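Naming: A, B, ... by sequence-line order, numbering from 1 per chain. Here the structure is a predicted model, which means the values were calculated and not measured.
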Amino acid sequence: MSEIYNHREVETKWQKIWDDEQAFATSEDYSKPKYFALVEFPYPSGQGLHVGHPRPYTAMDIVSRKRRMQGYNVLFPMGWDAFGLPTENYAIKNQIHPKIVTKNNVNRFKEQLHSLGYSFDWNREINTTDPEYYKWTQWIFLQLFKKGLAYKTEMPINWCTSCKVGLANEEVVNGVCERCGSEVVRKVKSQWMLKITEYAEKLIQGLDTVDYVEKIAVSQKNWIGKSMGAEVDFSISGKEDKLRVYTTRCDTLFGATYMVVSPEHPILDKYKDEITNWAAVEEYREQAAKKSDFERSELAKDKTGVVIEGLKAVNPINEKEIPIFVSDYVLMSYGTGAIMAVPAHDERDWDFAKKFNLPIIEVVAGGKDVQEEVYTDVATGTLVNSGFLNGLSVEEAKKKMIEYLEEKGIGHAKTNYKLRDWVFSRQRYWGEPIPIVKCDKCGYVAIPESELPLELPEVESYMPTDTGESPLSTMTDWVNTTCPCCGGPAKRETDTMPQWAGSSWYFLRYTDPHNSEALASKEALEYWMPVDWYNGGMEHTTLHLLYSRFWHRFLYDQGVVPCPEPYKKRTSHGMILGSNGEKMSKSRGNVVNPDDIVREYGADTLRTYEMFIGAFDLSASWQDEGVKGCRRFLDRVWKLQDIMTEEESYSADLETKMHQTIKKVGSDFENLKFNTAIAAMMALINEFYKKNAVTKGEYKTLLTLLNPVAPHITEELWQIIGEEGRLYQQSWPEYEEAKTIESTVEIAVQINGKVKATLNIGKDDPKEDVIAKAKEVIADKLTGTIVKEIYVPGRLVNIVQK
RNA sequence: GCAGGAGUGGCGGAAUGGCAGACGCAUCAGACUCAAAAUCUGACGUAGGUGACUAUGUGUGGGUUCAAGUCCCAUCUCCUGCACCA
């Protein structure tokens, strides 16, 4: 009889052996086929590892271990995305340097990850807060700056009142700070920006060349928000100035009955003196300025606005004079900040026109009465009341109108994107210093690359200042410097980079993590890039994933990296929720600590459970009973050693099952269907127990298949049954397609699609024989006229009778 | 509102258009035990029948098909993301 499975002993034993043997160190031999598997590196928070972390890590660990068994040189690295607000806030509260906080947290995380038996190559560990690392983050920033893609500008930014820091649009969720939940207001500040908009088109087109799960590609496309339309100039009666609008429906130009400008539109101030109701306009403008973007869209249903008296616009297509309104439903930040309103065919314009009693002219026929209901369908309508466009479809009319506009010089085709430039400044201490100085004579000047890394200086206090400046601004010794360009006095930039900076290129550093001459060597990049499979959270789709694609594409354009897209394949995992189906949180009291599970049931049980919990890409709620079930399964695998025979081959009655299982587990691992892969292995051991025997050959195959999921117990069993070498060094099992097919099968016999009996047949029995046998079995039920006989090989016979 | 996804036993969840509910959990019964736990064996959608069985069943209503959880049309609910983007 075997001893009881002692997970603590077994797991510590093998973790030590793997370390000593450098079992999972990546080979530098570039002649082997490579595989780069990537998981998102964690932010080492003070709370330690969350039970959600092991889900993606185990999944990619399984893929990595399988790839190694298949003969690939695998890069499966891990590191720390360690700059960020929580660490800084903790440092402020406890008067500890963030460097030390980070170090402690990293140690804790590393220990926890180690206890889970991941096959990370720890020789390639990276940390974004290491000056040797952020030297290259700063270097990339300087390249962007030199190409004019980093610029500083005065602009209203999203300002978190609690964190006292500017946020990117992507970091504002429902009008509050994504991180702390406090109110976000608008504040005008001078900010560093990255021109991601310049890459909008490339980022969309790149999506066609990679294998991302559908919803990720769709979200990115929607976020970039490409729309094709036209810009049209409307003249202002009696003025030189034109009022330019952007429209995607230039076909409806004949139906434009008024115009609307955004409250921030410069035309208002310019013609202030001629606007006869200026007081009313100004008051409206002030009210609008007070509302946050969130409030503006919250109140979306109710349109407000003021007509501008004293100014009139002229519709260039029919020379008709039309009124101009100011309304906050038009945004200054998209298009031109002014629109032509076609109330008959635009929902917002229709609402506004109804409220202000403006004329609604139908120019696309096909809907109901436009006085009663807006008609926005572009697929079926036909142009009317539109001069030379009459009778055309919407698509034809758009084309013809653009030709006309361009010919007359009053407009042109124009593509717009919703994507905005990336706000790249943070008024915080714990981030990468921006390597720029400001000189009164020369403006913003890059520091020489030879001076990188520009290290974070030690400061007295990390408290952000109330003026909104970074704590670095109080360090006069550091701030005052000389201009690298003219040698005169200059000041250093005191803003730091956002947390997204370090994670925008980290995968490149893994390929050559200790290089001091370049972010990575050409050879390493050529060999390892692109990442073959990157799994991460859905929440990073429009932030990290888009930002890193942007940086990578930029580096490709500069000849730094060898491929335009960083990730060949991207998948995402679902969240692990508390047992009540809610997100795990301290306040809800439903948090599960992975350490407890590892201690009580073992790392292999935790890994197996997290893979078995449900479909990988859907969220799943934690059930303690399910953990026990997985432990039971591993115990049963353990005890198979007691009924093992010494035969190396598969037993005759289980040969088919073995080949089927190898096939299923292998393909399920590739397709993120870990739950059904484990189910198949459970079903297999149920077969062994049913006949109370397992051959050594069968056992070895099972252990190999299970090894990527539960590496410790399988490695131990491999040794117990007397096998030479290590299990992790074995080859992945092969199967023969022909042997996955049963020699006899039970098929269903149906009448009119309803099952009436079952029948055992040989796999090669001819169709006629099978049908004849089937009819015998259900002879007493064949009362009508047979109209059709259907035979689906290996499945069923269906007799259709009337 | 738009986009993506989901709706299947008491629960988590399986099902290239081909025997719905694999696998696991819980529950019940039996074995082992003085007893319990653990372990092993078996039952386990619903309704009816002593029974082999019969009927019914994948959110709802239609349709296509020899055959629909799966495909098509409509509809309801839930989740996720985006949202006055002209």
Identify each atom pair where a protein N or O and an N or O of nucleotides 19-21 of chain B are less than 3.5 Å apart, giving names and distance.
{"unit_1": "B/rC19", "atom_1": "N4", "unit_2": "A/Glu746", "atom_2": "O", "d": "2.7"}
{"unit_1": "B/rC19", "atom_1": "N4", "unit_2": "A/Glu746", "atom_2": "OE1", "d": "3.3"}

Would A/Asn760 and A/Thr744 count as having a side-chain donor-acceptor pair, cut-off 3.5 Å?
-> no

Do we see a donor-acceptor contact under 3.5 Å between the side chains of A/His544 and A/Glu40?
-> no

Have a look at A/Lys418 and say if it touches a base, only the backbone sugar-phosphate, or nothing, with a 4.0 Å heavy-atom cut-off.
-> base

Which residues pass the ring-ring contact (aromatic ring centres under 6.0 Å, His included) test with A/Phe612, sequence neighbours left out?
-> none

Give the nucleotide from the list B/rA86, B/rG18, B/rC23 with an atom nearest to the side chain of A/Ala679.
-> B/rC23

Ignoring hydrogens and angles, are the base of B/rC25 and the side chain of A/Lys628 linked by a donor-acceptor pair under 3.5 Å?
-> no

What are the atom names and distances for every N/O pair under 3.5 Å that joins the protein to nucleotides 39-44 of chain B?
{"unit_1": "B/rU39", "atom_1": "OP1", "unit_2": "A/Arg632", "atom_2": "NE", "d": "3.3"}
{"unit_1": "B/rC40", "atom_1": "OP1", "unit_2": "A/Arg636", "atom_2": "NH1", "d": "2.7"}

Distance in angstrom units between A/Lys354 NZ and B/rC84 C1', rounded = 20 Å

Using atom P of each nucleotide, how far apart are B/rG10 and B/rC76 to the nearest Å?
-> 27 Å

C1' gap between B/rG69 and B/rU8, integer Å = 7 Å

On RNA chain B, more 5' by nearest nucleotide between A/Gly626 and A/Asp349 is A/Gly626

Looking only at side-chain N and O atoms, does A/Asn686 come under 4.0 Å of OP1 or OP2 in B/rG24?
-> yes

Looking only at side chains, do A/Tyr417 and A/Glu201 share a donor and an acceptor under 3.5 Å apart?
-> yes

With both distances under 3.5 Å as the test, what is the Watson-Crick or G-U wobble partner of B/rU80?
-> B/rA3

What residues form a ring-ring contact (aromatic ring centres under 6.0 Å, His included) with A/His659, not counting sequence neighbours?
-> A/Tyr650

Which nucleotide sits closest to the side chain of A/Ser227: B/rA67, B/rA3, B/rA86?
-> B/rA86

From B/rA86, B/rU56, B/rA3, nucleotide with atom closest to A/Lys754 side chain | B/rU56

How would you list, by chain and number, every residue that makes a side chain to side chain donor-acceptor pair (under 3.5 Å) with A/Asp349, sequence neighbours excluded?
-> A/Tyr329

If the P atom of B/rU80 is compared with that of B/rU75, how far apart are they to the nearest Å?
-> 24 Å

Over how many whole Å does the gap from A/Asp377 atom CG to B/rC2 atom P extend?
-> 12 Å

Go through the structure and list residues passing salt bridge (charged side-chain N to carboxylate O under 4.0 Å, His left out) with A/Glu395, not counting sequence neighbours.
-> A/Lys398

Side-chain N or O of A/Lys673 closer than 4.0 Å to phosphate OP1/OP2 of B/rA15 = yes

Got a sec, which residues hit side chain to side chain donor-acceptor pair (under 3.5 Å) with A/Arg636, two or more places apart in sequence or on another chain?
-> A/Asn686

B/rC53 and B/rC44, which share atom name P, separated by this distance in whole Å = 13 Å

For B/rG9 versus B/rA3, give the span between their P atoms, rounded off to a whole number of Å.
-> 29 Å

Heavy atoms, side chains only, cut-off 4.5 Å: are A/Phe352 and A/Leu358 in contact?
-> yes

Heavy-atom side-chain contact between A/Ser219 and A/Met538 under 4.5 Å = yes

Cationic N near anionic O, under 4.0 Å, A/Asp635 to A/Arg631 = yes

Rounded P spacing from B/rG17 to B/rG7 in Å | 15 Å

Watson-Crick/G-U partner (both atom distances under 3.5 Å) of B/rG48 = B/rC53

Rounded distance in Å - NZ (A/Lys767) to P (B/rC66) = 15 Å

For nucleotides B/rA67 and B/rC2, find the distance between their P atoms and express it as a whole number of Å.
-> 35 Å

Send over the distance from A/His540 NE2 to B/rG81 C1', rounded to a whole Å.
-> 14 Å

Report the glycosidic orientation of B/rG10: syn if within 90° of 0, anti in every other case.
-> anti

How about A/Asp604 and A/His7: does a side-chain donor come under 3.5 Å of a side-chain acceptor?
-> no

Which of the following nucleotides, B/rA15, B/rA67, B/rC84, is nearest to the side chain of A/Thr676?
-> B/rA15

Could you give the NZ-to-C1' distance, from A/Lys226 to B/rC2, as a whole number of Å?
-> 19 Å

Report the C-alpha distance between A/Ile662 and A/Leu705 in whole Å, list the side-chain angles of each, state the deciding distance to 0.1 Å, and finish with yes or no for side-chain contact (heavy atoms from CB on, under 4.5 Å).
-> CA-CA 7 Å; A/Ile662 295 168; A/Leu705 292 178; 4.2 Å; yes

Classify the ring geometry between A/Phe674 and A/Phe669 as parallel (under 30°), tilted (30 to 60°) or perpendicular (over 60°).
-> tilted

For nucleotides 28-30 of chain B, which of its nitrogen or oxygen atoms have a protein nitrogen or oxygen under 3.5 Å away, and what is each distance?
none

Side chain of A/Val330 only, please: which of B/rG4, B/rC23, B/rA86 is the nearest?
-> B/rA86

For A/Glu687 and B/rA22, give me the distance from atom CD to atom C1', rounded to whole Å.
-> 12 Å

By salt bridge (charged side-chain N to carboxylate O under 4.0 Å, His left out) - contacts of A/Asp765 (at least two apart) = A/Lys773

So, is A/Lys788 near the phosphate of B/rC66, with a side-chain N or O under 4.0 Å from OP1 or OP2?
-> yes

Please state how far atom NZ in A/Lys355 lies from atom P in B/rC84, giving the value in whole angstrom units.
-> 18 Å

Spacing of the P atoms in B/rG51 and B/rG61 (rounded, Å) | 31 Å

Who passes salt bridge (charged side-chain N to carboxylate O under 4.0 Å, His left out) against A/Asp624, sequence neighbours left out?
-> none

Side chain to side chain donor-acceptor pair (under 3.5 Å) with A/Lys221: which residues, sequence neighbours excluded?
-> none

Watson-Crick or G-U wobble partner for B/rG18, using a 3.5 Å limit on both distances?
-> B/rC66

According to a strict under-4.0 Å criterion, is A/Ser219 in side-chain N/O contact with OP1 or OP2 of B/rG4?
-> no

Distance, rounded to the nearest Å, where A/Asn222 contributes CG and B/rC2 contributes C1' = 8 Å

By the Watson-Crick or G-U definition, both distances under 3.5 Å, B/rC28 is matched with B/rG42

Quick one: on RNA chain B, does A/Thr248 or A/Val800 contact a more 5' nucleotide (nearest heavy atom)?
-> A/Val800

Could you list the protein-to-nucleotides 8-13 of chain B atom pairs, N/O on both sides, closer than 3.5 Å?
{"unit_1": "B/rG12", "atom_1": "O2'", "unit_2": "A/Ile613", "atom_2": "O", "d": "3.0"}

